[in-house]
Amino acid sequence: MKWIIFLLLMSGIHQDGWNMDYRKISLNGRWELEPGAQQPPTYRFTVPVPGLVDLAQPDLNWKKFRYFWYRTRFTLPEKPTGGRVYLQLEQVKYGTQVWVNGERVGGDIPCYTSQEFDLTPYLQWDDSNELVIRVGAKNTLPKESAVGNDFEKISFIPGIWGDVWLHLYGDVRIRWTRIIPDLEKQVIRVHCEIENFNNQSRKVRLRYRVREKKSGKTVSGWETALLALPAQALSTYDFTVAIPRPRLWAPEHPFLYNLDLELRQQGRIAHRQQIPFGMREFKIVGSDFYLNGQRRVLMGSNIAFHRMLSDPTRGELPWNPDWIKKALVDIPREHNMFFFRFHLG
C-alpha cells in the first residue's frame, strides 16, 4: 500500500506533557468456571488463569465434559480518544468462543499461539463488564486445527493456559514488529506494521530508540518519523537503527538491548512497545552451526513440554517463573546444555 513518509531526525525529546491513551491490563487471576454444553446461569468452581481445568476448586472430574465456561468481570479506566479495546488470549486449549456482556464477540481455534478479539462495540465504560470464554476439549476441534498429536501423552487437559490481557489503544497501533540484527553494519533492521482503526486517514509520529536492557543506558537516541496512514488500513514502515560497537549475545553472556517504540497522535501516546533483542547472527555452513561467526556444537536435547502438563502432580508449577527458570535454565546449564528443541506443542 502506498503512503507518504516524512522522516524527521530528532533526538533528546522528552515525554513531558504527553498523555497516554495506551493501557495494557492483565486479567490473570482466579476466574469462575462451570462445565457443560450450555452457558450456565451459575458458576460453582474457580480456576487459576493461566492454568488448566484440572486445577479447579473444588475438585472437578473434567474428563466427563466437552466444554468449560470461564467467567470474570472487569472495569475500564478512562476511554481512549477514538480508540479500540482488544482482548488478547496468549494460549487456549482447545477452541475458543468469547462473549462480553451477553453478546457473542467471536471465536478461534489456535491452541499454542496468541489470538485477539475486538471488544470495543460490546463494552460498558461506566459499569462492570462480564467476560465469558468457552473452552472446548481436543475432540471438539475441527479437522483443520493444528492441535497435533502425541501417542505418549497421558491426557489432553483443556484450559486458558496463557496470559490474558486487555489492550486499550488510541486511533492507531503497532500491530507487529520484527527486528533483524546486522552485525557487519552494526545496525538493526526494523519492520513495523501499523494499523489505523479510524475511517479517515491519520498523520502520526513514530518515535524509536535503543537502550541497554539491564542498565537503561541509551545506545541510539530518539528518532522520529512522521507517517501518513490511510483510513482503516494496515501499513508498513521499515527503518534501521545504529548500534555502535555492539555487545554480542551468546549463551555465556546473553546481553540484551531494548527497542522502545511510541506512536503519538494529537498530543497523546496511542501505543507504546518495549521489545528486548540480542545482537547475534545464526548461520549454517555445510553441516555446521555458526553463532556470531564462530562454529558451535549444539549441546542440548528435546523438551516435550506438553507431556509434563499431563502430569497430575505438576499443579501450578509450569506457571511459576522461579520453577521454570530452575527447570529450563539452571539445571540444563549445570550439564553444559544451552540448546533445546521444543516440540509436540
Side-chain angles (χ1 to χ4, degrees), residues 11-12 15 24 26 50 90-91 112-114 162-163 165 174 176-192 206-223 238-262 272-306 308 317-345:
S11 61
Q15 298 183 160
K24 184 178 180 181
S26 172
E90 289 197 350
Q91 291 96 11
Y112 312 108
T113 55
S114 181
D163 294 325
W165 303 96
I174 305 167
W176 187 67
T177 304
R178 181 182 64 214
I179 301 172
I180 301 178
D182 188 328
L183 303 189
E184 181 179 354
K185 295 182 179 179
Q186 299 188 11
V187 301
I188 55 171
R189 303 196 308 272
V190 184
H191 172 84
C192 283
L206 174 66
R207 301 180 69 227
Y208 51 90
R209 69 174 177 181
V210 170
R211 296 177 297 119
E212 294 181 356
K213 185 176 188 295
K214 187 173 182 179
S215 71
K217 178 183 176 182
T218 298
V219 175
S220 179
W222 286 111
E223 297 186 13
D238 297 292
F239 58 95
T240 62
V241 182
I243 314 291
R245 299 178 300 279
R247 295 182 61 178
L248 303 187
W249 180 96
E252 298 78 16
H253 41 84
F255 188 86
L256 294 177
Y257 296 90
N258 269 340
L259 173 65
D260 296 332
L261 296 165
E262 289 181 355
R272 170 183 283 166
Q273 285 187 335
Q274 185 180 93
I275 306 172
F277 67 94
M279 292 295 289
R280 80 287 182 274
E281 180 184 64
F282 303 116
K283 282 186 178 180
I284 303 296
V285 181
S287 60
D288 295 324
F289 177 84
Y290 280 72
L291 171 64
N292 301 335
Q294 301 294 319
R295 178 179 177 273
R296 300 292 296 260
V297 177
L298 297 180
M299 305 291 292
S301 186
N302 301 299
I303 296 178
F305 180 76
H306 284 262
M308 190 195 68
L317 287 177
W319 298 275
N320 182 319
D322 294 333
W323 185 87
I324 285 288
K325 181 177 181 296
K326 180 178 179 181
L328 301 187
V329 179
D330 297 341
I331 293 176
R333 277 180 175 170
E334 292 174 0
H335 296 273
N336 299 315
M337 295 184 181
F338 64 87
F339 168 81
F340 286 98
R341 168 182 170 259
F342 284 85
H343 67 117
L344 297 170

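For the atom pair CG (Asp288) and OH (Tyr290), the distance works out to 5.5 Å, reported to the nearest 0.5 Å. Here the NZ-CZ distance, from Lys24 to Arg272, works out to 13.0 Å after rounding to the nearest 0.5 Å. The CZ atom of Arg211 sits 12.0 Å away from atom OG of Ser220, with the distance rounded to the nearest 0.5 Å. Rounding to the nearest 0.5 angstrom, the gap separating the CG atom in Asp260 from the OH atom in Tyr208 is 13.0 Å. Remark: Leu261 CG to Arg207 CZ distance equals 11.0 Å, nearest 0.5 Å. Here the CG atom belonging to Leu259 is positioned 5.0 Å from the CD1 atom belonging to Ile188, to the nearest 0.5 angstrom.
Of all heavy-atom pairs between Trp323 and Leu317, the closest is CE3-O, 3.4 Å. Contact detail for Ile324 and Phe305: the closest heavy-atom pair is CD1-CE1, 4.3 Å. Minimum heavy-atom separation, Gly278 to Pro181: O-CG, 3.4 Å. The nearest pair of heavy atoms linking Cys192 to Phe239 is SG-CE2, 4.0 Å.
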N/O donor to acceptor pairs below 3.5 angstrom from side-chain atoms of residues 240-257, sequence neighbours left out:
| residue | atom | partner | partner atom | Å |
| --- | --- | --- | --- | --- |
| Glu252 | OE2 | Arg296 | NH2 | 2.7 |
| His253 | ND1 | Leu248 | O | 3.3 |
| Tyr257 | OH | Arg247 | N | 2.8 |

Under 3.5 Å, which donor-acceptor pairs link side chains of residues 327-345 to any protein atom two or more places apart or in another chain?
| residue | atom | partner | partner atom | Å |
| --- | --- | --- | --- | --- |
| Asp330 | OD1 | Lys325 | NZ | 2.9 |
| Asp330 | OD2 | Lys325 | NZ | 3.3 |
| Arg341 | NH1 | Asn302 | OD1 | 3.3 |

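Looking at Arg189 and Asp238, their side chains never come closer than 4.5 Å, going by heavy atoms from C-beta outward.
Atom NZ of Lys283 has 12 or fewer neighbouring heavy atoms from other residues, nucleotides or ligands inside a 6.0 Å radius. By the neighbour-count criterion of 12 heavy atoms within 6.0 Å, atom CE of Met308 is densely surrounded, having more than that number from other residues, nucleotides or ligands.
Among residues two or more places apart in sequence or in another chain, the salt bridge (Lys or Arg N to Asp or Glu O under 4.0 Å) test is passed with Asp163 by none.
Formation of a donor-acceptor pair under 3.5 Å by the Asn292 side chain with backbone atoms of Glu281 is found in this model.
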